[in-house]
There are 2 protein chains.
Amino acid sequence: MIHSFLLVGQSNMAGRGFFKDVPMICNEHIKVLRNGRWQIMMEPIHYDRPYAGIGPAASFAAAWCKKNENEEIGLIPCADGGTSLDDWSVDGPLFKHAILQAKLAKQSSKLEGILWHQGESDTNSENYKLYNEKFSKIVEAFRKELDEPDIPIIIGEIGDYLASGFLGAYFPEYAEVNKELLEFAKTNKNCYFVTALGLTPNPDGIHLNSVSQRIFGLRYFEAYDKLQHILKPVEGEEDAINIDNKRTLTKNEKMTILENQFAGGHISLKEYQLQISKINS
Amino acid sequence: MIHSFLLVGQSNMAGRGFFKDVPMICNEHIKVLRNGRWQIMMEPIHYDRPYAGIGPAASFAAAWCKKNENEEIGLIPCADGGTSLDDWSVDGPLFKHAILQAKLAKQSSKLEGILWHQGESDTNSENYKLYNEKFSKIVEAFRKELDEPDIPIIIGEIGDYLASGFLGAYFPEYAEVNKELLEFAKTNKNCYFVTALGLTPNPDGIHLNSVSQRIFGLRYFEAYDKLQHILKPVEGEEDAINIDNKRTLTKNEKMTILENQFAGGHISLKEYQLQISKINS
């Protein structure tokens, strides 16, 4: 039975890290829900926008796999870039879509957690004052609709780089939102906070870069695994980009990567056939 | 109100054409359903596999836009590579997922057609003998579940290149499946057949290349628009790759393309800012 996790929030959960900056994670124990069925995960996990990239979920899953040998984890991508808490209201399409996906996933997996990262779109106009109230309704509805009253919800902090980017003026109240996120996690059952301390962005000053996303994923896992708030960097996290690349790839993983290269038009038929015979020999 | 179309079937509906082979289609009147909401379409439309590419739906939509000026079309991507008719059975996850997506889409659009391309995975073991029976159940269920008893269903033929590729031995009965597809379209209400005559594949010998997919999309549109079977190439289709690139891009489209380049890490912040000022001037 696959152990599944619902991924919700806005762009930094969907992922905008650049692929070229970190080693690929391809692990046949990590699946992703596509059209209601489980496929071996390749990044990007989300496809909310054409430029979706590295998010926190792949290294979260790789860390989970190290702890749970021979088990399988499944990721349910439902985060969507630029979305406010109002966009996530329980009568709106984002929430409904996430519930539909999670229910479909539950037919072939055990739903074990919800990873949430959202807030950037609520860092102005004193929206933080309503964060707790709005988010409470969403969390309550997730647990009720999915019939998972005690499911852990892991809540990531917004990076404190946000106000200093070239669009920083759009995010004046990020610190206030972070206070609300921490307070929410501390005062609601099975909700855990994950610090973004020290994480750094892409040149846009908004989106976590790939190296930071790999680290963030480890912190999310630490919070889930220990069921506690993560308020400071995790020991060994500086090596996060290597979380899954000291392992020898299985034949199945090698074939997945090769198929991706060939079907994507990056290698010739001759090269593809040569590589297949190498993998099989 | 957006006019929406459900895309279902296997890999040649999902799309495997290479991006480098055809001009991009970016038209703000063409939307795609992402997380239950409509976004400006960029290809790939599907993301069933990491190597999803050009399918027939983008040029279908561009042709629709030429006919329906100032209207908006919405695409609902639910095709999934390598899937057999059994995988699409009405109690399975693919069918359920497609229904959920289409129902969600219907909350903010008018569903006007279903584009189907499937069959490659049923071209052996005499599976064609059961194609009509199995497909009838699926079509009936789509119409019933979506409360669209008369919705047009456009059914594409399998390319006759299939048996001559390096994996051709896996598809011995493609001609028999094509006969079933044509027969089905001819004998069921509001079902229309689209020939794959003359279309050509990627080096894999399985997936339609980008140029052929652009042509195929025009043929699908011709069948939908005229509500008739398309049994031979459409007049002017040889120019299909230019279906949408003689138009001047709107400011919104230019920004969408620029955002994609910057958020994807393909241009620097400096270049991004320079281009923004050019677009705005």
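To find a chain, count down the sequence lines: A is the first, B the second, and so on, and within it residues start at 1.
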(request) Report the option among A:Gly17, A:Gly36, A:Ser11, A:Ser268 that has the most heavy-atom pairs separated by less than 4.5 Å from atoms of chain B. (result) A:Gly36

(request) Heavy-atom distances under 4.5 Å only: say whether A:Leu94 touches chain B with side chain, backbone, both or neither. (result) both

(request) Starting at CG of A:Leu100, measure out to CG of B:Asn35 and round the result to the nearest 0.5 Å. (result) 11.5 Å

(message) So if I take each residue of residues 258-265 of chain A and look for any heavy atom under 4.5 Å from a heavy atom in chain B, which residues do I end up with?
(response) A:Glu259, A:Asn260, A:Phe262, A:Ala263, A:Gly264, A:Gly265

(message) Please classify the contact between A:Ala79 and chain B as side chain, backbone, both or neither, with a heavy-atom cut-off of under 4.5 Å.
(response) backbone

(request) Give, as side chain, backbone, both or neither, the part of A:Phe166 having an atom under 4.5 angstrom from any heavy atom of chain B. (result) side chain

(message) So, taking the atom named OH in B:Tyr51 and the one named NE2 in A:His266, what distance separates them when rounded to the nearest 0.5 Å?
(response) 11.5 Å

(request) Sort out for me which of A:Gln273, A:His46, A:Gln107, A:Arg49 touches chain B most, counting heavy-atom pairs under 4.5 Å. (result) A:Arg49

(message) With a 4.5 angstrom heavy-atom cut-off, is it the side chain or the backbone of A:Tyr272 that approaches chain B, or both, or neither?
(response) side chain

(request) Could you tell me which of B:Arg16, B:Glu43, B:Met41, B:Arg37 has the largest number of non-hydrogen atom pairs under 4.5 Å with chain A? (result) B:Arg37

(request) Pick one of side chain, backbone, both or neither for A:Tyr47, based on which atoms fall under 4.5 Å of a heavy atom in chain B. (result) both

(message) With a 4.5 angstrom heavy-atom cut-off, is it the side chain or the backbone of B:Pro77 that approaches chain A, or both, or neither?
(response) backbone

(message) How long is the straight-line distance from CG of B:Asp80 back to CZ of A:Arg34, given to the nearest 0.5 Å?
(response) 10.0 Å

